[in-house]
Amino acid sequence: MAEDRFDHLFIEPADFDRAAAFYRDALGWEPVADWGGNGAPRGIILDGGAVKIVLAEDHPTDDHAKSHGKKAHQPTLHLSVRNLDQRFAEVSRHAKVVVPPETTHWGTRWFVLEDPDGNLIAYEEPS
C-alpha cells in the first residue's frame, strides 16, 4: 500500500501580496518561513494546521522546479514519501514523467508526474 503523505501546495500567484494576505489574514494561516525582498523574488510558507502552502514570486532560474515543476498559476501538489526511488518505480510506468528523480535546490529529492488532466504531482523525500 502506498504511503504518500500530503506535504504542501506550491503556487506562483499572479499577485504575491494579495495571495499572501488572503492565506495569512483571511484564512488565518501562520507564516512559518519567508525569503526574498529588497529586489529579490519573495516567497512565503504558510501553515493552516493540516496543510501548508508555498507562495513564490516569479523568478528566473534554469532548474526543473521552475521549468517543469509548475504550470503558470495552477497549484502543484507535493507529496512526501519515505523511499523516493521505490515510489518512482511503482508509479512512473503509469503516468507521464515530467521530472525524473533528482536533487532539488531546497534540500530534498523529488520527481514530478502529470495526471491525465495535466495537473502536476511532485513526490518528495526529505533529506
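Counting only N and O atoms by type, the side chains of Trp110 and Glu102 include a donor and acceptor under 3.5 Å apart.
The heavy-atom pair separating Asp58 from Pro41 by the smallest distance is O-CB, 3.9 Å. Pairing each heavy atom of Gly49 with each of Asp47, the nearest pair is N-OD1, 2.7 Å. Taking each heavy atom of Ala122 and Val112 in turn, the nearest pair found is CB-CG2, 4.0 Å. Here the closest non-hydrogen pair linking Ala56 and Pro13 is O-CD, 3.4 Å.
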Self-check item: From CA spacing to verdict: side-chain contact (heavy atoms from CB on, under 4.5 Å), Tyr23, Ile53
Solution: CA-CA 9 Å; Tyr23 286 98; Ile53 192 164; 3.3 Å; yes
Quiz prompt | Stepwise side-chain contact (heavy atoms from CB on, under 4.5 Å) test for Leu77 and Phe6 | solution = CA-CA 8 Å; Leu77 174 64; Phe6 178 79; 3.3 Å; yes
Quiz item: Is there a side-chain contact (heavy atoms from CB on, under 4.5 Å) between Leu79 and Ile121 once you walk through the steps?
Solution: CA-CA 7 Å; Leu79 300 172; Ile121 303 169; 3.8 Å; yes
Practice problem: Test side-chain contact (heavy atoms from CB on, under 4.5 Å) on Glu3 and Arg82 and set out the steps. | Solution: CA-CA 8 Å; Glu3 291 189 30; Arg82 292 180 194 207; 3.2 Å; yes
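For Glu90, the side-chain hydrogen bond (donor to acceptor under 3.5 Å, both in side chains) test picks out Gln86, Arg87, with sequence neighbours left out. Not counting sequence neighbours, the partners of Asp85 by the side-chain contact (heavy atoms from CB on, under 4.5 Å) test are Asn83, Pro101, Arg109. For Phe16, the ring-ring contact (aromatic ring centres under 6.0 Å, His included) criterion is met by no residue, not counting sequence neighbours. Under the side-chain hydrogen bond (donor to acceptor under 3.5 Å, both in side chains) criterion, Glu124 pairs with His78, Trp106, Thr108, not counting sequence neighbours.
Note: Glu57 CD to Ile44 CD1 = 11.0 Å, rounded to the nearest 0.5 Å. Separating the NE2 atom in His8 from the CG atom in Leu46 is a distance of 12.0 Å, to the nearest 0.5 Å. Atom CZ in Phe88 sits 13.5 Å away from atom CD in Glu125 (nearest 0.5 Å). We find the OG1-CG distance between Thr76 and Leu120 to be 4.5 Å, quoted to the nearest 0.5 Å.
Note on residues 16-28: pairs passing salt bridge (Lys or Arg N to Asp or Glu O under 4.0 Å), not counting sequence neighbours, are Asp17-Arg42.
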Please set out all donor-acceptor pairs under 3.5 angstrom arising from side-chain atoms of residues 28-37, sequence neighbours excluded.
none

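When side chains are defined from C-beta on, Val97 does not count as touching Phe111, because their heavy atoms never get closer than 4.5 Å.
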